[in-house]
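Structure first, then comments.
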Amino acid sequence: MSKKPNKLKARLPRGFVDRSAADIRATDEMIARIKEVYERYGFDPVETPAFEYTDCLGKFLPDTDRPNAGVFSVQDDDEQWMSLRYDLTAPLARHVAENINEIQLPYRTYRAGWVFRNEKPGPGRFRQFMQFDADTVGAPGVQTDAEMCMMMADAMEALGLQRGQYVIRVNNRKVLDGVLDAIGLGGDENAERRLTVLRAIDKLDKFGTEGVRLLLGEGRKDESGDFTKGAELDAAAIDQIVGFVGGTAQIDNEGQAELDQMQAIFDACGYGADRVKIDPSVVRGLEYYTGPVYEAELLFDVTNEKGEVVQFGSVGGGGRYDGLVKRFTGRDVPATGFSIGVSRLMTALKNLGKLGQTEVVAPVLVTVMDGDAEALGRYQKMVQDLRGAGIRAEMYQGNWKKFGNQLKYADRRDCPIAIIQGSDERAAGELQIKDLIEGKRLSEEITDNVTWRESRPAQITVAENALVETVRKLLADQAEDRARSANAGAA
RNA sequence: GCAGACGUAGCUCAGUUGGUUAGAGCGUCGGAUUGUGGCUCCGAAGGUCGGUGGUUCGAAUCCACCCGUCUGUACCA
């Protein structure tokens, strides 16, 4: 009864996840489909590392020895602060600035990668997640922004979404600035209040018009009773903003002119409001966007594992960031681009049955009856023959002396077929091929274990040289059965 | 960050007004069955009762703080 020493507790850092085979395959599939679209638009990949010097990311070191909250930071051995990237845009700006003489502008590029945010995780919200970005650097015209929006729409459809299941919403930061000017919030002294107003507008789809009115005025109390202070605008200003954001009022300025130009391009290309739509309530990030902003929103209900409908909102977005490269080069390098939240979008797509369609069949298991070197060579040769024919296969690598465990392993691993050759079969130049799927079906009718074992359900004896051919045929039959029951299920 | 709810075995949960050695189901492992998956039966392992401190003769139970999870909200490049 000795007390155990303190065991090291295995634990995942909060906000991080281990990814399953199914998730990895689903992600790979998504990336492949999105990439195809970007390639077709003439974009090339580029990759930057996960770490950057903190100042290059646009974060500063306050008086303390800790960079801004929200980023994971460490000090290099020369005491310089480095941070894990929190998006793919700032690192791209660094890459372009650093290689500005070698890069042919306009530079059209894409990349997928993990980004990290040191903030409170929640369901569907992690501290490491994947983004898939595309950017055009060195292109000042809004035709570039328009192309980005259309490419984003194409990417959504490449992922299997239908028209009406998503929409790309487009706005222009200059338009919003004009509205803020009109209600007297122009000028540096009102910077803080302008932010509050923009944040309030951003909440339109979450809280509705009434919620936004509260946030523009006194403030709003949430369900737990916590109070959020508002922008404290007067009633006339609130009416003006709500009217504008709701689309009943317009403003005539450069931003609106840019939106009109973009709309003309969408019209010319046949991208109607069911794909790309001007929407005055889109705000996006407050820090570096300078002109058009756009985001992809899902329009269907997403239910989580508990069966609850969740507000899914935006699955990607971007905009024009004309100042980001200039920070390094001092020279104007206008750019526009967007990001797709791969991890988030995957949750929704799985839910919709648009992913994981291509099921992966587990390997054929060659069981081991005899463990001497010569026999193992024979078993492994069977496996290699199967592999040579393009069939996933493996030899049992556990303790071969417990034969029951080998089939149990095959069962739990969902192996479709097991190959068995003991000394009897070997002497006769034969082997047993067991259809584990058919066998499982038959087992439902057998309640007595002795019968179950001795009847050897769904098991056939074939000549050694018929291995590959028989397995191939069996797998094809099984695939056909699966397709048939999938169709029956869908009907 | 703020507000609230919650925290007992790998999972889902019991556990009486504070009272002996903290239980169940499922799962895991072993055996019945060392040449056949499932079913059935038998057996076993598995717990700092989230942590620390306090109140008490005595704490899973009461109190404080901390950690974590969930919900809402704030921030979000």
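Worth saying up front: this structure is predicted, and the values here are computed from it rather than measured. Order of the sequence lines fixes the chain letters, A, B, ..., with proteins taken first and strands second; residue numbering starts at 1 for each chain.
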Picking from C39(B), U73(B), U28(B), the nucleotide nearest the side-chain atoms of Phe207(A) would be U73(B)

Exercise. Give Ser423(A) one of three labels, base, sugar-phosphate or nothing, depending on what nucleic acid heavy atoms sit under 4.0 Å from its own.
Key: base

With C1' as the reference atom in both, quote the distance from U12(B) to G27(B) in angstrom, rounded to an integer. 11 Å

Under 4.0 angstrom between Arg456(A) side-chain N/O and U36(B) OP1 or OP2: no

note: Glu425(A), atom CD; U36(B), atom P; distance rounded to Å ~ 12 Å

Is there a donor on the side chain of Arg453(A) or the base of C39(B) sitting less than 3.5 Å from an acceptor on the other?
no

Can you find an N or O donor on one side and an acceptor on the other, under 3.5 Å apart, linking the side chain of Lys408(A) with the base of U36(B)? no

Open item on the list: Below 30° counts as parallel, above 60° as perpendicular, anything between as tilted: where do the rings of Phe338(A) and Tyr294(A) land?
Closed with: perpendicular

task: Look at all strands and tell whether Lys221(A) reaches a base, only sugar-phosphate, or nothing, counting heavy atoms closer than 4.0 Å.
output: nothing

Work out how far the C1' atom of U21(B) is from that of G58(B), and round it to whole angstrom.
15 Å

task = Find out whether the Lys NZ or Arg CZ of Arg220(A) is both under 6.0 angstrom from the six-membered ring centre of Phe227(A) and within 45° of the ring's axis.
result = no

Q) Should Lys203(A) be listed as having a side-chain N or O under 4.0 Å from OP1 or OP2 of C75(B)? A) yes

Which part of the nucleic acid does Asp435(A) contact within heavy-atom distance under 4.0 Å: base, sugar-phosphate only, or nothing?
base

message: Distance check, P atoms only: C13(B) and U34(B), in whole angstrom units.
response: 40 Å

- Message: Is the phosphate of U71(B) approached by Lys120(A) (side-chain N or O, under 4.0 Å from OP1 or OP2)?
- Response: no

Heavy-atom nearest pair, Leu365(A) first then Met395(A), reads CD1-C, 4.2 Å

N-O pairing of Lys326(A) and Asp322(A) below 4.0 Å: no

Donor-acceptor pair, side chain of Glu394(A) and main chain of Val364(A), under 3.5 angstrom: no

Note to self: Work out how far the C1' atom of U71(B) is from that of A45(B), and round it to whole angstrom.
What the structure shows: 37 Å

Of G35(B), G37(B), C39(B), the nucleotide closest to the side chain of Leu407(A) is G37(B)

Gap in Å between the two P atoms, one belonging to U61(B) and one to U55(B), rounded:
15 Å

Listing for RNA chain B: consecutive Watson-Crick or G-U pair runs of at least 3, distance cutoff 3.5 Å, ranges ordered by first number, gives B:1-7 with B:67-73, B:10-13 with B:23-26, B:28-32 with B:40-44, B:50-54 with B:62-66

With a 4.0 Å limit, can you tell me whether Trp452(A) has a side-chain N or O closer than that to the phosphate oxygens OP1/OP2 of G37(B)?
yes

Looking at Lys206(A), I'd like to know whether one of its side-chain N or O atoms comes within less than 4.0 Å of OP1 or OP2 on U73(B).
yes

**Close aromatic pair by centroid cut-off 6.0 Å: Tyr409(A) and Tyr396(A)** = yes

Are Arg117(A) and C76(B) close enough that a side-chain N or O sits under 4.0 Å from OP1 or OP2?
no

Judged by nearest nucleotide, the residue sitting upstream toward the 5' end of RNA chain B, Phe116(A) or Ile437(A), is Ile437(A)

Separation of U36(B) atom C1' from Asn449(A) atom CG, nearest Å, is 10 Å

Inset, instruction - Looking at every strand, decide which applies to Ile420(A) at a 4.0 Å heavy-atom threshold: base, sugar-phosphate, or nothing. - result: base

Using the P atoms only, state how far C66(B) lies from G4(B), rounded to an integer number of Å. 13 Å

Review point. At under 4.0 Å, does any side-chain N or O of Arg199(A) touch on OP1 or OP2 of C75(B)?
Key: yes

Exercise for the section: State whether the aromatic ring of Tyr288(A) stacks on the base of A77(B), taking stacking to mean ring centres under 5.5 Å apart and ring planes under 30° to each other. Expected result: no

Using the ring of each side chain (for Trp, its six-membered ring), is Phe132(A) parallel, tilted or perpendicular to Tyr110(A), with breaks at 30° and 60°? tilted

When rounded to whole Å, the CG to P distance for the pair Leu214(A) and U73(B) reads 14 Å

Side-chain atoms of Thr228(A) come closest, of G37(B), U73(B), G35(B), to U73(B)

Whole-Å distance, Leu195(A) CG to A74(B) P, equals 15 Å

Open item on the list: Mind checking if Arg125(A) touches a base, just sugar-phosphate, or nothing, with heavy atoms under 4.0 Å?
Closed with: base

Whole-Å distance, Trp114(A) CH2 to A77(B) P, equals 20 Å

Report task. Would you classify Lys440(A) as touching base, sugar-phosphate or nothing, given that sugar-phosphate means primed atoms plus P, OP1 and OP2, and contacts are heavy atoms under 4.0 Å? Result -> base

Glu469(A) CD: over 12 foreign heavy atoms closer than 6.0 Å = no

When rounded to whole Å, the CG to C1' distance for the pair Leu431(A) and U36(B) reads 15 Å

On RNA chain B, more 5' by nearest nucleotide between Arg14(A) and Thr447(A) is Thr447(A)

Residues at least two apart in sequence or cross-chain that pass salt bridge (charged side-chain N to carboxylate O under 4.0 Å, His left out) with Arg125(A), listed by chain then number, are Glu119(A)

>> I want to check one thing: is the phosphate of A3(B), taken as OP1 and OP2, less than 4.0 Å away from some side-chain N or O of Arg220(A)?
In response: no

Exercise. When the C1' atoms of A22(B) and G46(B) are considered, how many whole Å apart are they?
Worked result: 14 Å

* With no angle test and no hydrogens, is the base of U36(B) tied to the side chain of Gln459(A) by a donor-acceptor pair under 3.5 Å? -> yes

Salt bridge (charged side-chain N to carboxylate O under 4.0 Å, His left out) filter on Glu192(A), not counting sequence neighbours, yields none

Here the distance between atom P of U33(B) and atom CG of Asp448(A), to the nearest Å, is 13 Å

Do the charged groups of Asp481(A) and Arg484(A) touch, with an N to O distance under 4.0 Å? yes

Taken to the nearest whole Å, CD/Glu119(A) to P/C75(B) is 12 Å

*In whole Å, what separates the P atom of U40(B) from that of A59(B)?*
43 Å

